[in-house]
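Accompanying notes for the structure given below.
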Protein chains: 2
Amino acid sequence: MAENAAPRDTPTGGRPTARPDLAAMLVPLCRALVDAERPVLDAHGLTMWAYSVLLRLDDTPIRTQAALADAIRADRTRIIPVLDDLESRGLIHRRPDPGDRRVRLVSLTPEGRRVRDAVQGDIQRGEEELLTRLPAADREGFVRGLLTLHALPEIPPHRPSGAA
Amino acid sequence: MAENAAPRDTPTGGRPTARPDLAAMLVPLCRALVDAERPVLDAHGLTMWAYSVLLRLDDTPIRTQAALADAIRADRTRIIPVLDDLESRGLIHRRPDPGDRRVRLVSLTPEGRRVRDAVQGDIQRGEEELLTRLPAADREGFVRGLLTLHALPEIPPHRPSGAA
DNA sequence: CAAGTTCATATGCATGTGCCTACGATCTGT
DNA sequence: ACAGATCGTAGGCACATGCATATGAACTTG
C-alpha cells in the first residue's frame with residue numbers, strides 16, 4: 001500500500017520524467033543501426049563479429065586472443081572461427097609470440113586495414129547522414145554525450161527501491 | 001586498387017570522423033543499460049518482454065495481441081506465454097472484444113499500472129543518475145537527440161560505396 | 001452459403017550465443 | 001624438476017529467438 005512513501009533524493013519519486021526510458025529508446029535504435037550496417041558488411045563478406053575484430057585491432061594492439069575476445073565482449077571459444085576466417089582471407093595476421101609461445105599475436109594486415117577503412121567509411125557516412133536529421137543544436141550534445149557514456153568504465157545497476 | 005577515388009558528397013571520403021562508429025558506442029551502452037535494469041525487473045519478477053508489454057499497454061490501447069507483439073518487436077507466438085503469466089498475476093486483463101470475438105482486448109489492471117510505475121520509477125531514477133555523469137551542456141542535447149532518433153519512422157540502410 | 005482471411009494459440013526447427021569442460025602446449029613459481 | 005596456471009582450440013549443453021506450419025474460432029467478401 002505504501003507505494004514509495006519514503007522521500008527520495010533524486011528528482012522524482014514515483015513516475016519520474018515524462019520521457020520514455022532511455023533504454024526503451026536506445027534498444028530499438030541500436031537494432032535499427034545494426035540492421036542498417038548489414039548491407040555494408042554483407043558487401044564485404046564480414047559478420048558483425050568479424051568487423052568488431054577489425055575495429056578493435058586497430059586501437060591498441062592486443063597481445064592475446066582472449067583479451068581480444070574480452071575487449072569486444074565475445075566468447076573466447078566462439079571467436080576462433082572468426083579469426084580463422086579473417087586470417088584465411090588475409091585480413092589479419094596470427095603469429096606466435098616469440099616471447100610466449102602460447103600466445104598468438106593478432107594484427108591487421110594492410111589489406112585488413114584497407115577493408116576496415118572501406119567498411120567504416122561506408123558506415124560512418126550513413127551515420128553522419130542520420131545525424132543530419134537531428135537539429136543542429138542537439139547534434140553535438142548527442143554525440144558528445146554518447147562518447148562520454150561510452151567511455152564510462154561501468155554502469156552501476158539500477159536499484160529497486162520500495163516494492164518487493 | 002582504386003580505393004575510393006570517386007569524390008563524395010558527404011564530409012569525408014575514406015576514413016571519416018575521428019569518432020568511433022555510433023553503433024559501436026551504442027551497442028555496448030545498450031547492453032550495459034539492459035544489464036543495469038535486471039535487478040529492478042528481477043525484484044518484481046518481470047522479464048524484459050513482460051516489462052515491454054506493461055510499458056506499451058499504457059500508451060495507446062492496443063486492440064489485438066498481434067499488434068502488441070509487432071509494437072514491441074516480439075514474436076506473435078512467443079508473446080503468448082508472457083501474456084499468460086501477466087494475466088495470471090493480475091497485471092493485465094485479456095477479454096474478448098465483443099465486436100470481434102477473435103480478438104482479445106489487452107489492458108493494464110490497476111495493479112499492473114502500479115507495478116509498471118514502480119519499475120519504471122526505479123529504472124528512470126537509475127537513468128537520471130547516469131545522466132548526471134554527462135556535462136550539463138550535453139545532457140539535454142543527448143536526451144533530445146535520442147528522442148528525435150527514436151521517433152524516426154525508420155533508419156535507411158547504409159549503402160556500400162566503392163569496394164565490392 | 002462458400003471461400004478466403006485474420007486471430008490466438010501450440011508446436012517444431014534452425015540458429016546464435018553464453019557457459020562449461022577437456023586437452024595439449026607452454027609458462028611460472030617453488 | 002614439479003605443480004599449477006594460462007593460452008588456443010574443440011566440443012557439448014542450454015536457452016532465447018526468428019521463422020514456419022497447423023488448427024480451430026470467427027469474420028469478410030462474393
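This is a predicted model, so every value here is computed, not measured. Just the heavy atoms: all of them, side chains too, but no hydrogens, waters or symmetry mates, feed the values below. Quick note on labels: first sequence line is chain A, next is B, and so on, each numbered from 1.
In this structure, the CZ atom of A:Arg76 is 9 Å from the C1' atom of D:dT6, given to the nearest Å. Distance B:Asp84 CG to C:dT9 P: 6 Å, rounded to the nearest Å. In this structure, A:Arg38 atom CZ and C:dG16 atom C1' are separated by 12 Å, rounded to whole Å. Rounded to an integer number of Å, the gap from CG of B:Leu83 to C1' of C:dA10 is 15 Å. Between the C1' atom of C:dT17 and the CD1 atom of A:Ile79 lies a distance of 13 Å, rounded to the nearest Å. Spacing between atom CG of B:Asp70 and atom C1' of C:dT6 amounts to 13 Å, rounded to whole angstrom units. C:dG16 atom C1' lies 15 Å from atom CD1 of A:Ile72, rounded to whole Å. B:Asp97 places its CG atom 13 Å from the C1' atom of C:dT6, with the value rounded to the nearest Å.
Classification of B:Arg125 and B:Glu128 as a salt-bridged pair fails, no side-chain N sitting under 4.0 Å from a carboxylate O. Electrostatic pairing of A:Arg102 and A:Asp97 does not count as a salt bridge here, judged by no charged N lying under 4.0 Å from a carboxylate O. Using a 4.0 Å cut-off between charged side-chain N and carboxylate O, A:Arg113 and A:Asp58 make a salt bridge. A salt bridge is absent between A:Asp122 and B:Arg159: the closest approach of a Lys/Arg side-chain nitrogen to an acidic carboxylate oxygen does not fall below 4.0 angstrom.
Between B:Thr64 and B:Asp75, the residue anchored nearer the 5' end of DNA chain C, judged by the nucleotide with its closest heavy atom, is B:Thr64. Nearest-nucleotide assignment on DNA chain C puts the 5′-proximal partner with A:Arg73, out of A:Arg73 and A:Gly99. When each of B:Thr77 and A:Thr77 is assigned the nucleotide of DNA chain D bearing its nearest heavy atom, the one mapping closer to the 5' terminus is A:Thr77. Along DNA chain D, the nucleotide nearest to A:Pro81 and the one nearest to A:Arg102 differ in position, and the one closer to the 5' end is contacted by A:Arg102.
Note on B:Arg104: a side-chain N or O is less than 4.0 Å away from OP1 or OP2 of C:dT9. At the phosphate of C:dG12, neither OP1 nor OP2 sits under 4.0 Å from any side-chain N or O atom of B:Arg78. The phosphate of D:dG18 has OP1 or OP2 within less than 4.0 Å of a side-chain N or O from A:Arg31. Regarding contacts with the backbone of C:dG16, every side-chain N or O of A:Trp49 stays at 4.0 angstrom or more from both OP1 and OP2. Of the side-chain N and O atoms in B:Gln65, one or more sit less than 4.0 angstrom from OP1 or OP2 of C:dT9.
Note on B:Arg94: only backbone sugar-phosphate atoms sit closer than 4.0 angstrom, heavy atoms only; bases stay farther off. A:Asp100 comes within 4.0 angstrom of the backbone, heavy atoms only, and of no base.
Each of A:Leu29, A:Leu146, A:Leu147 was evaluated against B:Leu22; a single residue qualifies, A:Leu146, per the side-chain contact (heavy atoms from CB on, under 4.5 Å) test.
At a cut-off of 3.5 angstrom, the base of C:dT26 holds no donor-acceptor pair with the side chain of A:Arg101.
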